[in-house]
Protein chains: 2
Amino acid sequence: MPAAGLTIGTLAERGGCSVSTIRYYEEVGLLPPADRRAGGHRVYGEADLRRLKFVRRCRDFDFSIDEIKALVAVMESGDRSCTEARDLATARLAVVRARLFELRALERDLKQFVESCETACLGGPGPSCAPLGDLARAGD
Amino acid sequence: MPAAGLTIGTLAERGGCSVSTIRYYEEVGLLPPADRRAGGHRVYGEADLRRLKFVRRCRDFDFSIDEIKALVAVMESGDRSCTEARDLATARLAVVRARLFELRALERDLKQFVESCETACLGGPGPSCAPLGDLARAGD
DNA sequence: CTTGAACCTCAAGTTACTTGAGGTCCTACC
DNA sequence: GGTAGGACCTCAAGTAACTTGAGGTTCAAG
């Protein structure tokens with residue numbers, strides 16, 4: 001039976017982050033202060049791993065540390081509805097969509113830029129790059 | 001002829017950034033040290049505005065300060081081909097595409113999360129949020 | 001019992017800026 | 001010509017979310 005007792009290194013590996021990141025999360029309060037062995041090394045259990053994965057997942061969701069703290073508080077209070085969580089997620093979704101929109105435009109522009117380089121400058125790399133010159137004038 | 005003589009405030013306004021950002025760009029070498037008036041105030045010309053716009057556009061493209069410095073060097077050297085610029089843009093395009101991929105997954109997951117909240121928890125916000133529990137079972 | 005990998009703490013660095021304190025300059029108005 | 005106040009100045013420190021480094025301790029294997 002896995003009364004595991006994970007080291008910080010193992011936790012990091014399974015949680016998909018660095019050892020430093022875990023210590024950082026503890027410092028800022030995203031993870032509770034870890035139990036210690038005699039020598040001072042941190043020990044973790046499965047619950048810690050779940051918590052860490054939750055935090056990492058939220059970070060993947062682009063939640064800020066403070067937002068994740070809020071989510072954790074909602075989760076731990078037990079007596080509060082999921083309305084808060086949903087609202088946080090909805091707000092985050094809007095941000096993600098806006099960012100997605102920007103990134104798509106960015107991809108288009110960069111692709112365009114690279115293609116211009118191929119057609120306008122290659123085959124004989126001249127002294128001046130036309131697309132680069134265009135960039136300087138864009139937005140006027 | 002517009003021998004303009006822009007103040008830093010005007011430059012900021014026209015360049016779409018803050019006054020502090022301009023001073024910062026000067027400090028890190030993205031803008032050349034500005035000319036000064038008798039009292040020490042910075043004065044700018046149209047060339048500076050063009051340069052600033054170029055920098056801002058590159059930042060919109062998610063280029064780092066160092067990458068922009070490289071681009072500016074390419075632009076100013078005049079005797080180097082656009083190959084470098086194209087390579088930088090290509091690398092950036094790859095990064096942008098990877099980010100786009102992640103963001104799309106993120107959007108899907110967040111949407112899913114919000115929808116779960118709507119169906120599983122609303123209409124009577126109970127004590128525990130099922131989707132939140134799915135993210136990582138709390139307290140267990 | 002001795003390596004050497006993994007761990008510890010604390011401090012400082014990273015990126016691209018922003019914010020703040022404390023002081024100077026410029027322009028417009030009377 | 002004097003003055004109010006807005007724009008400007010410098011320098012230092014703060015921000016997010018970590019990472020990196022120095023210098024030292026502990027643990028597991030051989």
Side-chain angles (χ1 to χ4, degrees), chain A residues 4-31 33-44 48 51-72 92 95-96 99 102 106, chain B residues 4-31 33-44 48 51-72 88 91-92 95-96 99 102 106:
Chain A
L6 307 169
T7 66
I8 195 173
T10 309
L11 189 73
E13 199 179 338
R14 298 213 193 146
C17 67
S18 74
V19 165
S20 299
T21 299
I22 292 175
R23 286 195 278 250
Y24 171 71
Y25 285 164
E26 179 179 324
E27 191 188 322
V28 299
L30 271 188
L31 294 177
D35 288 342
R36 303 295 184 117
R37 303 219 291 218
H41 287 197
R42 289 172 177 84
V43 211
Y44 297 95
D48 296 299
R51 168 72 81 88
L52 176 59
K53 281 182 174 173
F54 172 74
V55 170
R56 291 305 293 175
R57 184 125 180 81
C58 288
R59 290 290 300 130
D60 286 345
F61 278 21
D62 259 7
F63 283 93
S64 72
I65 296 291
D66 281 350
E67 284 171 326
I68 301 175
K69 277 189 198 171
L71 279 175
V72 167
R92 193 87 330 244
V95 170
V96 165
R99 183 72 183 138
E102 285 167 21
L106 177 50
Chain B
L6 306 169
T7 67
I8 195 172
T10 309
L11 189 72
E13 198 179 341
R14 299 214 192 147
C17 66
S18 73
V19 165
S20 299
T21 299
I22 292 175
R23 287 196 277 250
Y24 170 72
Y25 284 165
E26 178 178 323
E27 191 187 321
V28 299
L30 271 187
L31 294 177
D35 289 342
R36 304 294 186 117
R37 304 216 292 216
H41 288 195
R42 290 171 177 84
V43 209
Y44 297 96
D48 296 298
R51 167 72 79 90
L52 176 61
K53 281 183 174 174
F54 172 73
V55 170
R56 293 306 292 176
R57 183 120 177 90
C58 288
R59 291 291 302 129
D60 286 343
F61 275 22
D62 258 6
F63 283 93
S64 72
I65 297 291
D66 280 350
E67 285 172 325
I68 301 175
K69 276 189 198 171
L71 279 176
V72 166
L88 279 169
R92 194 87 328 244
V95 171
V96 166
R99 185 73 183 136
E102 286 167 23
L106 177 51

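Throughout, a chain's letter reflects where its sequence line sits, starting with A, and its residues are numbered from 1.
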Review point. Between atom CD in B/E26 and atom P in C/dT18, what is the gap in whole Å?
Key: 16 Å
Review point. Should A/R59 and A/I65 count as side-chain neighbours, where that means a heavy-atom distance under 4.5 Å?
Key: yes
Check your understanding: Between A/G39 and B/G39, which is nearer to the 5' end of DNA chain D once each is assigned its nearest nucleotide?
Key -> B/G39
Practice item. Round to the nearest Å and state the distance from B/F63 atom CZ to C/dC17 atom P. Key: 14 Å
Review point. Atom CD1 of A/I68 to atom P of D/dA16: distance rounded to whole Å?
Key: 13 Å
Revision key, fill the gap. A/H41 has its side chain closest, among C/dC8, D/dT10, C/dC25, to C/dC8
Point to revise | Contact check, side chains of A/F54 and A/V72, non-hydrogen atoms, under 4.5 Å | key: yes
Exercise for review: Please check if the side chain of A/R51 supplies one atom and the backbone of A/L30 the other of a donor-acceptor pair under 3.5 Å.
Suggested key: yes
Review point. From the list C/dT18, C/dA16, D/dT19, which nucleotide is the closest neighbour of the side chain of A/S20?
Key: D/dT19
Study note, to complete from the structure: Checking A/V55, A/I8, A/D48 against A/I22 for side chain to side chain contact (heavy atoms under 4.5 Å, CB included), the one that qualifies is A/I8
Review point. Are any of B/R37's side-chain N or O atoms less than 4.0 Å away from OP1 or OP2 of C/dT27?
Key: yes
Check your understanding: To the side chain of B/R59, which of C/dC26, C/dA16, D/dA17 is closest?
Key -> C/dA16
**Study point:** Interatomic distance, B/E13 CD vs D/dC8 P [rounded to whole Å]
**Key:** 10 Å
Exercise for review: Take atom CD of A/E67 and atom C1' of D/dA17, then tell me their distance rounded to the nearest Å.
Suggested key: 14 Å
Review point. Who are the side chain to side chain contact (heavy atoms under 4.5 Å, CB included) partners of B/T21, not counting sequence neighbours?
Key: B/C17, B/S18, B/Y25, B/R56
Exercise for review: State whether B/R42 places a side-chain N or O below 4.0 Å from either non-bridging phosphate oxygen (OP1 or OP2) of D/dT10.
Suggested key: yes
Exercise for review: Could you say whether B/D66 or A/V43 is positioned toward the 5' end of DNA chain C, judged by the nucleotide with the nearest heavy atom to each?
Suggested key: A/V43
Point to revise | Contact check, side chains of A/H41 and A/R36, non-hydrogen atoms, under 4.5 Å | key: no
Review point. Does the side chain of A/Y25 get closer than 4.0 angstrom to OP1 or OP2 of D/dA17 through an N or O atom?
Key: no
Practice item. Tell me which nucleotide among C/dA16, C/dC17, D/dC9 gets nearest to the side chain of B/R23. Key: D/dC9
Exercise for review: Calculate the interatomic distance between A/I8 atom CD1 and D/dT19 atom P; express it in whole Å.
Suggested key: 12 Å
Review point. Are A/S64 and D/dA16 close enough that a side-chain N or O sits under 4.0 Å from OP1 or OP2?
Key: no
Point to revise | Short side-chain N/O contact from B/T7 to OP1 or OP2 of D/dC8, under 4.0 Å | key: yes
Review point. OP1 or OP2 of C/dT9 less than 4.0 angstrom from a side-chain nitrogen or oxygen of A/R36, does that happen here?
Key: yes
Review point. Taking CD from B/E27 and C1' from D/dT10, how many angstroms apart are they, rounded to a whole number?
Key: 11 Å
Check your understanding: Distance check: side-chain N/O of A/Y24 vs OP1/OP2 of D/dA16, anything under 4.0 Å?
Key -> no
Review point. Below 4.0 angstrom from OP1 or OP2 of D/dC18, is there any side-chain N or O of A/S18?
Key: no
Review point. Can you tell me how far P of D/dC8 sits from CG of B/D35, to the nearest Å?
Key: 16 Å
Study note, to complete from the structure: Looking only at D/dT19, C/dC8, C/dC17, the nucleotide nearest the B/R56 side chain is C/dC17
